[in-house]
Structures are given as structure tokens and as C-alpha cells.
Amino acid sequence: MLWEPRSGRLAAWGNALLAGLVSPDDAVIAIVGEDAVHRVEGLPGEQAPVGLTLALGRLRALGVTGLRVALPAPGHPLGLSGPPEFNARALQAGEAVVCHGAAFGLVPEVSEAGPEGDVHAEVVWHCLPVRDAPPADVPSLGEAERELAEALREATEVLTRLDVAASGPVAEAAIDAYRARAEQGREVLAPGYPPRAARVLQLAQRVGALISLAGANGHGGAVSASQMAARNAALRPVERTARRAQVAAYNSMVEERERGKR
């Protein structure tokens, strides 16, 4: 199963809603997905958490015209613009949504509830002030696609040479990932996104899944400290590039609209 950040669903379907391409009900159903409920806490003018429908309407009234994704990791504030308090919470969550048009950001807090065998996730999005500044380290779609393809080639060559690809052969990762570009029939983004964004996102998600699988299998076939170090060094930039590509895809709808205004 391909990992899809909750911030990605919120941004993609929130952007489609803001553009008038989907109904509020359809947007909320897509955002919530398999979770039990999503609420938003800290909205200006609201004393208690509110549902997504009301929250998205309130954000629009506050001047929000688009939603961007941030997928930060330690040492890499990808998609963030500050202030430090917001960045810290986003880094702890591993994701966030940054509003365009008004200086707000949303960070998810996920909790599980229910008896064993029937556990469900509940999400509270914390609305916080953000700095009105360009997001950190977000490439264009074209840059992201080229970087991801190059990173995959380099990593595959290194891992194949070391013979440490393990049970989920990363030597085959490039083939699987490139094949994803031609696959059709799986909706990975909301209406209104350019086809290239869906292609880049699907490729990045598959690459991220392969990297997670490689990490879950320990050090694969690596048998020495030097091989382990080489394997980790090969995977690290690919993981970073895959996250950058995901952010570029989710943010592309806002970026295209902004370019059209210039």
C-alpha cells in the first residue's frame, strides 16, 4: 500500500474545493478517508474544535486561496516557512499544511480510539500562525521529476554493485518506479491538478514505499560496516528526493495558479 500523508489529502481536496471543482461533502469524505473523524482546533473566532466543512469555509472567509503541503524531516524543513514554533510542531508530526493567501498553518495530531480489533484514528488539525514567506526547498514539478529519476538511477547502481538490495530488490526499484509513470486508473490527486503532478506523485509514493520496505528489512544483504554505510548513503538522498517530489506534486495546483497571475 502506498503511503499518502493526511496533509496531502487535505491540501489536494481542499484546493479542489477552493477552486469550486468539488462539493464540500465530497472534499471532506476524501480528506477523512479511512479515519473516523477530522476536526480543526484553533481557528480564529472559534472557541472549540469544528468539523472540516466549517473549517474549510472559515479559512476561505479568512482569505485562504490555496493549500500547500510540508513534509519536514530532521535537518530538512521541507515546505516550511516558520516561525520556529510552527516548524517544531510540523517536524514532530512529520507533515503540515500551509495556507496560501492568509498566514495560517495546520498540523495534524492523530490519536487512536476504540476496542481492540476495532481501533480507529481521530485527527485534530491545530491551526497556528505561520510566516508569510516562500516554503523551504520545494522544487518545480519538472525539477522534482528529473531529480527523482536521477536519484533512483544512482542508488540502483550503487546497491547493485554492492549486492545489498535485499528481499525487496532495489535493483528493480527503478523499473517498478518508471513503470508507474505509464500506469493509469488510480486517482492520486483531486480534480484540477495537472496530469504531470499525478505522475510525479505516484512515482514518488512508490519510491517512498520501496525505501520503507528496504528500511524494514534491516541492512538487507550488507554484511560489513562499510557496506551498511554505503547502502544507507545511497538510500538517504533518494528518500529526501521522494519527499521533495511529493510536496512539489501536492503544491502544483497553487503554484500553477500563481504563475498564471504573473
Side-chain angles (χ1 to χ4, degrees), residues 2-5 7-8 11-12 15 66-81 87 90-91 94-98 100 133-162 164-165 168-183 186 188-189 193-215 220 229-259:
L2 302 181
W3 178 69
E4 182 182 27
S7 56
N15 282 329
L67 302 172
R68 291 187 172 109
V69 169
L71 297 178
H76 188 206
L78 175 62
L80 298 176
S81 58
N87 286 6
L91 179 59
E95 59 178 311
V97 170
V98 179
H100 178 71
D137 197 36
V138 179
S140 68
L141 270 178
E143 291 170 335
E145 191 169 30
R146 289 191 298 272
E147 290 171 4
L148 190 55
E150 181 61 27
L152 273 168
R153 282 194 294 270
E154 292 177 357
T156 300
E157 289 172 3
V158 170
L159 295 173
T160 302
R161 185 170 64 250
L162 291 172
V164 292
V170 186
E172 298 177 7
I175 297 174
D176 290 339
Y178 297 143
R179 189 177 295 140
R181 299 183 186 188
E183 288 183 355
R186 190 174 80 86
V188 294
L189 280 170
Y193 276 84
R196 190 177 198 180
R199 184 172 70 245
V200 169
L201 179 60
Q202 189 174 49
L203 176 60
Q205 286 178 338
R206 291 188 59 154
V207 171
L210 288 165
I211 293 170
S212 297
L213 177 62
R231 183 177 191 271
N232 290 335
L235 290 175
R236 195 176 303 116
V238 182
E239 185 276 335
R240 183 186 182 102
T241 302
R243 281 190 296 109
R244 293 181 79 235
Q246 285 195 66
V247 172
Y250 284 122
N251 294 1
S252 61
M253 191 169 176
V254 175
E255 302 304 335
E256 282 205 346
R257 186 164 62 244
E258 288 305 301
R259 281 197 298 271

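- Using modelled atom types, one finds a donor on one side chain and an acceptor on the other under 3.5 Å when comparing R243 with H76.
- L141 and P194 make their closest contact through CD1-CG, 4.3 Å (heavy atoms, listed as atom of the first residue, atom of the second, distance).
- The minimum heavy-atom distance linking G79 with P135 is given by the pair O-CB, 3.4 Å.
- N251 pairs by the side-chain hydrogen bond (donor to acceptor under 3.5 Å, both in side chains) definition with nothing, not counting sequence neighbours.
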Go through V254 and L67 one step at a time and tell me if the side chain to side chain contact (heavy atoms under 4.5 Å, CB included) criterion holds. CA-CA 7 Å; V254 175; L67 302 172; 5.7 Å; no

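- Between the CD atom in E256 and the OG atom in S140 there is a gap of 11.0 Å [rounded to 0.5 Å].
- Take R236 and apply the side-chain hydrogen bond (donor to acceptor under 3.5 Å, both in side chains) test, not counting sequence neighbours, and it matches no residue.
- Put simply, CG on L91 and CG on L71 are 11.5 Å apart, with the number rounded to the nearest 0.5 Å.
- The two residues G8 and V69 have their closest heavy-atom pair at CA-CG2, 3.8 Å.
- Of all heavy-atom pairs between P139 and A144, the closest is CG-CB, 3.9 Å.
- A donor-acceptor pair under 3.5 Å is formed between the side chain of E95 and the backbone N or O of S7.
- The shortest distance between side-chain heavy atoms of R244 and E143 does not fall below 4.5 Å.
- For the pair L201/Q246, a side-chain contact is recorded, criterion being any heavy-atom separation below 4.5 Å from C-beta on.
- Counting heavy atoms from C-beta outward, V200 and L148 have side chains that stay 4.5 Å or more apart.
- Y250 and N15 share no side-chain donor-acceptor pair at under 3.5 Å.
- Taking both residues in full, the closest heavy atoms of L189 and A198 are given as CD1-N, 3.6 Å, listed atom of the first, atom of the second, then distance.
- Interatomic distance, H100 NE2 to M253 CE, rounded to the nearest 0.5 Å: 12.5 Å.
- Contact detail for A136 and P77: the closest heavy-atom pair is CB-O, 3.3 Å.
- Checked against side-chain hydrogen bond (donor to acceptor under 3.5 Å, both in side chains), S252 has no partners two or more places apart in sequence or in another chain.
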